Amino acid sequence: MSQHKRRASAQQVRRKRAVVAAAFVGTVALGAGVGVWASADGGGGEPAGGTGQAPSKRASAAESSGAATPSSPTPSRSYPLSQAPRTIPAVRSHTPARGPGWRPRQGERVVVSDPELVDEGRLIAGELGLAYAGEKDDVRPGDLRLTLGSGGGNPESYTMTVRGGRVDISGPADAGVFYGTRTLKQEVHAGGTAPEGVVRDEPAKPVRGFMLDIARKPYTAPWIEDRIRELGDLKFNELGLHFSDDQGFRIESGTHPEIVSQDHLTKAQVKQIVDLAASRHITVVPEIDSPGHLGAVIAAHPDLQLRNAGGVPTKGAIDISKDASAKIVDDLLGEYAGLFTGDRWHLGGDEYQALTVADPQASYPQLAAAAQQKFGSGATVADLATGWLNDRADTVRAHDRTMRVWNDGFFRNTSVQPAKDLQVAYWTGKEIGARQPEEYLSAGRKVLNYNDEFLYYVLGQPQTFVYPTGQRIYERWNPRVLRGTTAVPAGFDGQILGGSFAVWSDIANAQTQDQVAAGIRMPLRATVQKLWDPGTPALSWADFRSLADRLG
């Protein structure tokens, strides 16, 4: 199922509704300040949007009859033309108009056109202090109306119309309507009033992600949930969880409890994280990296560790010539497919140490023998590693997932080719036999941008890593800059699905989780701005940073 056609399953809708209902009584994230303001001012706040079409006959009749109230004054030419909303990410298009705009007031309503929008309606009503009225056909001054359009188009697009003292947010799917409510929430939080006029908005890239390494450093469930709320308000739509590595395995397991680290998330906590993310239209993408980075699994199963010809163990690497290695990884992939219900999966595949030596066949004769037995006399260790990933892809594909692999999990000149549906998570150009991004793109692969030059926040700044800054991302990066600082040709843009800012916990105690949250605050905002609209931003960095401070 493609990103542009994804619709929540009935089960996901129920989960999302339960999470939003729990949040209905209070405000969250950016909305916390708004709730206080609304109560003190005697007003509430609500998102608004429009269909981009002519108003309904009922709405037109209400406007022509002069059915305005003091809370919704009739627009007149005495008002100056409105200014475009100031939001992060910036809206793509705003048609100005003359009028007072829309200011949420206590007792005014959020109404929806469709039961699929109940979650979005309840959430924004709770955030802005409005009354959630459910499905209604009547039109009242001050209303915020959420509507599903009948046409097609990008499901993450929306139109927001502020006119006649009301707000209408419409989109072809609930995701777009949700993003319209995020725009309205930011407008109200920043200035108290949503400007008159029409916003038409949609993202340039369908994948706007944040990846978190919880394997090397455990993060608490409440901290992760706070990041989800932050990501949702910024219109990110993906959270990656790297939860298995040499230093730890951080999620409860029923099939292999012996591999789980003492400090871990329970499945109940993960379910709550997944459900909260779904309520914000965020897909949680799990990663069980293999055949490298499996030290925590090997610690409980030392017989599966890869050893070279001299019997020396190879750090983090599982022996892929053994059937038991495949079984334990497939057990885990199958188990967690039931917990992570989104449509995407990360298979890892990077830094398998057997392929970093000068002669893998001589150093690891058991792998060479297994390759030849499985794929023929000319097969190599790289062929065996490629076959391993293809087999793991078969396991995950059975659960109807779209899969990605780190770019250094793809190898040159192998007789065994990686499955054609594997997407490339491009992070580095430093691996042995490094290939330019164009090589993957020219082969027709879809690519996700994890450029370690800009998007890697590596705790402790080991090797050559330095903490990325929002300003550098904002001024020098865009989704076509896949490696280093040079963009690939524009003709490849359609194959680049988006990207992800990543936190890696190499030196786990270098920062507390609160320091991490502070350190990634502006880089996250800069990243989503460039994924929503890769062009040169209208605001200077100083103005963008000032806006971020104002929005909270």
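The figures that follow rest on heavy atoms only: side chains count, while hydrogens, waters and symmetry mates do not. Being a predicted model, the structure only gives us computed values, none of them experimental.
- Using cut-offs of 30° and 60° on the angle between ring planes, the pair Tyr440 and Tyr426 is perpendicular.
- A salt bridge does not link Asp213 with Lys217: every distance from a Lys NZ or Arg NE/NH1/NH2 to an Asp or Glu carboxylate oxygen is 4.0 Å or more.
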What pairs of donor and acceptor atoms, side-chain ones from residues 364-377 against any protein atom, are under 3.5 angstrom apart with sequence neighbours left out?
residue : atom : partner : partner atom : Å
Tyr364  : OH   : Thr314  : OG1          : 2.8
Gln366  : NE2  : Arg307  : O            : 2.9
Lys374  : NZ   : Asp391  : OD2          : 2.8

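- When Val285, Val270, Thr283, Ile273 are each tested for a side chain to side chain contact (heavy atoms under 4.5 Å, CB included) with Phe340, only one passes: Val270.
- Looking only at atom types and distance, the side chain of Glu453 has no donor-acceptor partner in the side chain of Thr485 under 3.5 Å away.
- The shortest distance between side-chain heavy atoms of Phe454 and Thr527 does not fall below 4.5 Å.
- A salt bridge between Arg182 and Glu120 is absent, with no side-chain N of the basic residue lying under 4.0 Å from a carboxylate O of the acidic one.
- Because its NZ or CZ atom is both nearer than 6.0 Å to the ring centre of Tyr179 and within 45° of the ring axis, Arg208 counts as a cation-pi partner of that residue.
- The OG atom of Ser290 sits 6.0 Å away from atom CG of Leu389, with the distance rounded to the nearest 0.5 Å.
- A pairwise comparison of heavy atoms in Leu294 and Ser244 identifies CD2-OG, 4.1 Å as the closest pair.
- For the pair Lys205 and Trp532, the NZ or CZ position fails the cation-pi test of under 6.0 Å to the six-membered ring centre and within 45 degrees of the ring normal.
- Applying the ring-ring contact (aromatic ring centres under 6.0 Å, His included) test between Tyr450 and each of Trp406, Phe501, Tyr457, Trp427 identifies Trp406 as the sole match.
- Residues Pro172 and Gly152 approach most closely at CB-O, 3.6 Å, considering heavy atoms.
- Between Leu459 and Gln511, the closest heavy-atom pair is CD2-OE1, 3.7 Å.
- Using the six-membered ring where Trp is involved, His301 and His256 have ring planes that are perpendicular, over 60° apart on the 30 and 60° scheme.
- The cationic group of Arg525 does not satisfy the cation-pi geometry with Phe544, failing either the under 6.0 Å distance to the six-membered ring centre or the 45° limit from the ring axis.
- Side-chain contact check for Glu351 and His293: at least one donor-acceptor pair (N or O, by modelled atom type) lies under 3.5 Å.
- Ion pairing between Arg397 and Asp421 holds under the 4.0 Å rule for side-chain N and carboxylate O.
- In this model, a donor atom of one side chain and an acceptor atom of the other lie less than 3.5 Å apart for Thr395 and Asp330.
- At a cut-off of 3.5 Å, with distance as the only test, a side-chain donor of Thr380 or Asp383 sits close to an acceptor on the other residue.
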